[in-house]
Amino acid sequence: MKRWLLAAALLAGAACDTQRDAAAPQRTVDPALTAALATVTPNDRLVVIVNYDETATTSDAMSAAIMNVGSGVIQFNNLDLVAAFATPAEITAISALPSVQGVYANKQLRYSAMLHESVPTIRADAVHASGITGKGVGIAILDSGIDGLYNPDLHYPDKTVQNIKVLANLNDLFTFKGSINKTAKAANLFVENLPNSETSVGHGTHVAGIAAGLGAASGGYYTGVAPGAKLVGIGTGDVLFIFWALAGFDYILDHQQAYNIKVVNNSWGTSGPFDPKDPINKASKKVASKGITVVFAAGNDGPGENTLNPYSVAPWVIGVAAGCKNLPDPTNSAIHCADQTGQNRAPILADFSSQGIPGDPMYHPDVTAPGVHIVSTRASTGTVLNASDANHDFDLTSSCAISTANEQYYTCASGTSMATPHVVGVVALMQEAAGGQLKPDQIASVLTQTARPLPGYGLWEVGAGYVDALAAVNAVRR
């Protein structure tokens with residue numbers, strides 16, 4: 001499946017780190033918001049994200065100023081952003097407030113989707129044999145949800161230790177001037193302790209199984225990369241909007257210590273150029289600064305140049321390209337890895353995996369991981385993914401042929417969405433091996449230094465090479 005599961009785009013903008021004059025801030029104009037405003041009436045209200053200079057004002061002061069123009073607000077506990085519910089005239093007024101650096105549309109994001117063979121491909125099975133499985137490490141899955149009720153590989157509450165879902169109607173949650181209610185906090189707008197937070201997509205459940213599935217339903221055949229790790233499901237909705245992605249990051253920071261969250265999986269994104277002022281980039285940088293490794297899918301818009309998910313190229317995150325399995329592979333993943341350049345290179349890079357810019361120091365993935373014909377956990381409520389991949393799952397002669405005995409709990413999918421949790425699982429293995437002391441920049445350095453080189457492929461295509469769990473773990477083992 002060489003497409004994003006949920007078509008959409010994303011907004012641009014967030015705050016820089018440099019100090020600015022509060023009276024004359026450098027403002028960013030969001031083209032998506034401009035386009036949205038052209039389609040609404042003067043009385044319509046839109047959800048927008050207000051990016052302000054945190055060196056010049058506070059969340060409370062900015063919220064008060066926004067409410068004074070007549071708009072509703074929701075604050076973040078850990079991010080220097082404010083969500084507003086505003087009319088076109090109010091948006092214009094908010095844009096002119098001192099310290100505002102930009103106002104951005106609450107646009108949709110898109111999931112980047114299309115184990116048995118993929119775990120040995122990255123040598124994670126050898127790490128398991130040494131006794132390292134990610135024990136004690138918390139993995140946050142910021143995605144469509146996790147079905148921990150139906151699938152024994154992800155069972156709630158012992159395997160998936162927390163499982164949350166967004167509240168349904170965002171528009172009812174904003175606080176306006178004069179309200180007797182306290183200003184809502186984004187991290188609190190979730191329902192917690194849900195055995196199943198996967199409403200209809202199935203994407204997050206599949207991703208979670210790759211990162212840390214127990215393999216219980218298959219007798220260990222489809223064990224994930226870090227089966228000893230614990231999962232925290234952040235269900236951001238069947239259609240992922242920017243606000244809920246930010247709220248998810250906010251929740252992760254609030255609960256980092258409670259669940260020992262060391263890494264967050266982000267198998268979603270958008271297209272377009274990297275913008276350091278984008279709210280997602282501001283949020284991911286804050287998360288990384290708190291010691292949580294942030295991993296993003298490179299995107300499925302390849303094989304052309306300059307097609308990367310822009311969130312995956314931020315210097316503080318790890319971007320993951322999708323490759324095929326390099327072991328004897330009954331799923332025949334190589335059919336999606338034929339060399340697209342005519343150079344007859346080995347079938348390693350997936351033909352859909354987004355690529356960077358030759359010679360550019362920023363626009364490239366960091367590493368490559370298996371992302372083609374990946375069999376992982378099925379959600380009972382995952383109607384979108386289950387339907388999309390039925391042609392693979394139920395054709396026993398197909399490249400993803402799953403045995404009848406395993407059909408009930410597993411499904412097959414391809415994409416950088418599937419490559420990303422392989423790397424997330426490796427991060428959990430590394431953290432256990434190092435006693436949980438590794439910083440995100442150390443993780444990134446070791447992963448790229450120990451990756452297996454891929455001769456004939458450029459940095460802009462595959463990053464440093466194919467991720468090698470055994471080499472990475474050995475490099476950090478205490």
Side-chain angles (χ1 to χ4, degrees), residues 10-20 22 25-30 32-33 36 45-67 69 71-86 90-91 93-109 142 166 170-171 173-175 182-190 234 236 240-254 264 266 268 270 275-290 292 294 310-311 314 316-317:
L10 181 60
L11 61 94
C16 296
D17 293 330
T18 55
Q19 291 190 353
R20 304 184 188 281
Q26 181 177 333
R27 304 178 193 273
T28 299
V29 176
D30 178 16
L33 180 58
R45 287 189 178 273
L46 301 176
V47 177
V48 294
I49 308 298
V50 180
N51 171 24
Y52 63 87
D53 181 1
E54 65 271 24
T55 68
T57 190
T58 65
S59 177
D60 286 343
M62 181 55 59
S63 297
I66 293 170
M67 287 191 287
V69 305
S71 304
V73 299
I74 296 176
Q75 296 178 329
F76 296 89
N77 288 336
N78 305 284
L79 309 177
D80 298 310
L81 304 162
V82 174
F85 195 39
E90 291 166 2
I91 290 171
I94 292 169
S95 299
L97 290 173
S99 303
V100 169
Q101 295 181 323
V103 182
Y104 306 94
N106 182 35
K107 293 176 63 178
Q108 287 179 250
L109 302 165
L142 183 53
V166 300
L170 176 61
N171 294 353
L173 304 175
F174 286 88
T175 303
K182 290 184 178 180
T183 303
K185 301 287 189 176
N188 300 334
L189 304 181
F190 292 90
I234 314 292
T236 52
L240 176 57
F241 284 90
I242 179 66
F243 172 83
W244 289 117
L246 295 171
F249 283 130
D250 208 28
Y251 184 94
I252 288 167
L253 289 173
D254 267 359
V264 54
N266 304 280
W268 47 269
T270 188
D275 180 357
K277 297 176 71 177
D278 188 301
I280 291 293
N281 291 325
K282 184 171 188 176
S284 68
K285 188 173 185 179
K286 184 64 171 288
V287 172
S289 75
K290 296 299 183 179
I292 299 173
V294 181
Y311 301 133
W316 49 87
V317 313

Do [X] and [Y] come within less than 4.5 Å of each other through their side chains, counting heavy atoms only?
X    : Y    : value
S71  : I94  : yes
N171 : R45  : no
W244 : L170 : yes

Self-check item: Side-chain donor-acceptor pair present, D254, N78, cut-off under 3.5 Å
Solution: yes
Quiz item: In terms of side-chain heavy atoms, does Q75 have a donor or acceptor partner in T183 at a distance below 3.5 Å?
Solution: no
So how far is it from [X] [atom1] to [Y] [atom2], rounded to the nearest 0.5 Å?
X    : Y    : atom1 : atom2 : value
N106 : L246 : CG    : CG    : 8.5 Å
N77  : D250 : CG    : CG    : 5.0 Å
F76  : S59  : CZ    : OG    : 9.0 Å
L46  : E90  : CG    : CD    : 10.5 Å
L173 : I74  : CG    : CD1   : 5.0 Å
F249 : I234 : CZ    : CD1   : 10.0 Å

Are the side chain of [X] and the backbone of [Y] linked by a donor-acceptor contact shorter than 3.5 Å?
X    : Y    : value
N266 : W268 : no
D53  : Q101 : no
D30  : A105 : yes

Which heavy atom of [X] sits nearest a heavy atom of [Y], and at what distance?
X    : Y    : result
A184 : T175 : N-OG1, 3.3 Å
S284 : V294 : O-CG2, 3.8 Å
L240 : A245 : CD1-N, 4.0 Å
N51  : D80  : OD1-O, 4.4 Å

Quiz item: Does a salt bridge link K282 with E54, judged by any charged N lying under 4.0 Å from a carboxylate O?
Solution: yes
Quiz prompt | Derivation and outcome, side-chain contact (heavy atoms from CB on, under 4.5 Å), residues N281 and W316 | solution = CA-CA 9 Å; N281 291 325; W316 49 87; 4.0 Å; yes
